[in-house]
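Working notes for the structure below.
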Amino acid sequence: MIARASQLFLPTLRDAPADAEAVSHKLLVRGGFIRQVSAGLWTFLPLGWRVHRKIEQIVREEMDAIGAQEMLAPVLTPAELWQRTERFDAPEVFKLEDRSGRPFVLPLSHEETLTFHAAELQSYRQLPQSWYHFQTKDRDEPRPKAGLLRVREFIMKDSYSFDRDEAGLDVSYRRHGEAYARIFARCGLEFYRVQAESGLMGGSESEDFLAPAGAGENVLVTCVNGDYAADMDAASGVPRPPEFPPPLAAPQEVETPGVTTIEALAEFLGIDPAATSKAMPVVTSDGTLVLALVRGDDRLSEDKLMGELESDFRPATDEEIRAAFGASGGSLGPVGFKGRVIADETLREGQFVAGANRDGWHLRGVQAGRDYEPEFADIRATKEDDACPRCGGRLHVQTAIELGHIFKLGTRYSVPLGATFLDEDGRQKPLVMGSYGIGPGRVMAAVVEQHHDEHGIAWPASVAPYDAHVVALPGAEEIALRAAEALSAAGKDVLLDDRDLRAGEKFADADLIGCPVRVTAGRKSLEDGKVDVRERATGAETRLDVADLGKEP
RNA sequence: CGGGACGUAGCUCAGCCUGGUCAGAGCGUCGCCUUUGGGUGGCGAAGGCCGGUGGUUCGAAUCCACCCGUCCCGACCA
């Protein structure tokens, strides 16, 4: 197949839009792949849609390979289904009514609809089932951002497995996980499978597939030895041990005028910042004031603390702090505090400097268990250069894009929607479900984040909009067309740049668009009938006879 | 939802502080010429309710208020 650039809607741009930050956002817009309609709403232009469809096809092949069945459920969904599962009131759900006032939902995923259909499954003999579709999802995101990375409407491949029991779910879940790994590998992505925060959903197993990128919403922690990967929220890196000063028999007050930060404190006392502790008073949703304590050189992990408290929380106000401690933030510590203290595990052993609950004073030699009685928990945020909890290797922290998510739902949806089956023992049981999502648009953005240089995108062949980009320079249009035809005959999809433009502009567009190979026919070709074949990713260039095109990769 | 920034031509932006030759530039687009292996050079042209509404003023892109939109940070995120 040959597409002529002169006829294509391929609006490339020399400049990126001023408000673009992420590389994938800039390059996809500049390359004429996507255009914004409104905040978080994007149109896929012809080239972008080709890439999207290539990713879809890879997903489809791998889903089919594990026996999943493709179907299509509607976007517009009666609100009743969502009311039954108690998701109707979620703020990110788009809601609307028909002319007679019946409420509908634009779903952010299709658990309800597919479970509604699963209610038609009657017997254990019909199980397991895995169903999937590619369908539009709408989410009233409070803050769309970064091009395709966080949007309000997008296409998702979501699948749902229905099993008779947990053991069956384990199998469906594992198969999906394996299929997902194959999908992302085929898309040319570096990715990691990590435990996902199950959050308030609790209990159920859930994993994310994260792709390291220059932009993204997740923070990925990996070990340089390759044996550990985790989401920052759940990572448990091992911090370096502190250098402690000589121990004291009892805490000792030391005047620290104007010293309110850890850096200043460590400097002032001439000690290791890791030998200090940092106190963060927070207030839980039931109004209790709790003191969270981490090492001075660490940051509090809000997610971990939230898990520990089993409650949302907010920082205490100045007034609350003053009332509870008699001092202001910057001089707070656990000694003498009459309330719940949650101390990070790093504070279990050793003596630390802590705030004295007296403005301008600190305490040396504060020891947990002797001078205050905390609950210990892992509440510190893992950081760069922590040690790997598996092998002790160095941990690396980087931003990442969530490509896909696999989730064991259990009976969360089948029970409220009455999706039951008759089991071998003659009893009616709810279907045990899993759900599994991939956003092809995000995959597309992640591929760009991982495969680009200063000139543009360098698509992996598996998802490239065209296999080859044939550049026709003036005078060599004839040879260029023959080259395109030879490639097309060999089964390649070809973009033929037959536009009346300068060579430099065509080359710049070819680099930007990023097809795996560029074939140039120009003045040199007029002399010997050969064309130049250049690999986008490596820049390697060879001269070939037109007749030999399509015979090499 | 809190904080910040921005909104002038298709794109990137200047002009605004200090109201009155302020409707501007570059790129892109169109026509002609030039020529053609990395965004060429020349000549000419089209293109804007200066986000919207109200106010101040003799006069508003410029000052004020409100609204809308977009982006960034945070909160949130099946």
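Numbered from 1 within each chain, the chains take letters A, B, ... in sequence-line order. Here the structure is a predicted model, which is why all the values come from computation and not from measurement.
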For each nucleotide in nucleotides 26-35 of chain B, reading 5' to 3', give B when a protein heavy atom comes within less than 4.0 Å of its base, S when such contact involves only the sugar-phosphate, and - otherwise.
-> -SS------B
Please collect all ring pair (Phe, Tyr, Trp, His ring centres under 6.0 Å) contacts where either partner lies in residues 3-25 of chain A, sequence neighbours excluded, each pair once.
-> H25(A)-W42(A)
Mind checking side-chain hydrogen bond (donor to acceptor under 3.5 Å, both in side chains) for E21(A) and listing every partner two or more places apart, or none if nothing turns up?
-> none
What's the CD-P distance between E207(A) and A78(B), to the nearest Å?
-> 17 Å
For E541(A), salt bridge (charged side-chain N to carboxylate O under 4.0 Å, His left out) partners two or more places apart | R534(A)
Residues two or more places apart in sequence or in another chain: which of them pass side-chain hydrogen bond (donor to acceptor under 3.5 Å, both in side chains) with E505(A)?
-> none
What is the nucleic acid contact for L13(A), judged by heavy atoms within less than 4.0 Å: base, sugar-phosphate only, or nothing?
-> nothing
In short, side chain to side chain donor-acceptor pair (under 3.5 Å) pairs touching residues 142-156 of chain A with sequence neighbours left out are E141(A)-R150(A), R150(A)-E217(A)
Apply side-chain contact (heavy atoms from CB on, under 4.5 Å) to K524(A) and list each qualifying residue two or more places apart in sequence or on a separate chain.
-> D532(A), R543(A)
Return the set of residues passing side-chain hydrogen bond (donor to acceptor under 3.5 Å, both in side chains) with D158(A) (not counting sequence neighbours), or none when no residue passes.
-> H133(A), K137(A), Y160(A)
Which part of the nucleic acid, if any, lies within contact of E402(A), taking any heavy atom under 4.0 Å across all strands shown: a base, the sugar-phosphate backbone alone, or nothing?
-> nothing
So is R518(A) actually on top of F507(A)'s ring, under 6.0 Å and inside 45° of the axis?
-> yes
Indicate, with a heavy-atom threshold strictly under 4.0 Å, whether S525(A) touches base, sugar-phosphate, or nothing.
-> base
Classify the nucleic acid contact of P107(A) as base, sugar-phosphate or nothing, counting any heavy atom under 4.0 Å across all strands shown.
-> nothing
For E141(A), which contact category applies under a 4.0 Å heavy-atom criterion: base, sugar-phosphate, or nothing?
-> nothing
With W82(A) via ring pair (Phe, Tyr, Trp, His ring centres under 6.0 Å) - residues at least two apart = none
RNA chain B contacts made by residues 145-154 of chain A, counting heavy atoms under 4.0 Å = K145(A), A146(A), R150(A)
Show me the protein contacts with nucleotides 2-8 of chain B, counting only N or O atoms at under 3.5 Å.
none

Residues that H52(A) engages under side-chain hydrogen bond (donor to acceptor under 3.5 Å, both in side chains), provided they are two or more places apart = E56(A)
Base, sugar-phosphate alone, or nothing: which one does A503(A) contact when heavy atoms must sit under 4.0 Å apart?
-> sugar-phosphate
Lys/Arg-Asp/Glu bridge criterion (N-O < 4.0 Å) met for R380(A), D298(A) = yes
Touch class at under 4.0 angstrom, heavy-atom based, for R518(A) against every strand present = base
With heavy atoms under 4.0 Å as the rule, sort S38(A) into base, sugar-phosphate or nothing.
-> sugar-phosphate
How close or far is atom C1' of G37(B) from atom CZ of R534(A), stated in whole angstroms?
-> 11 Å
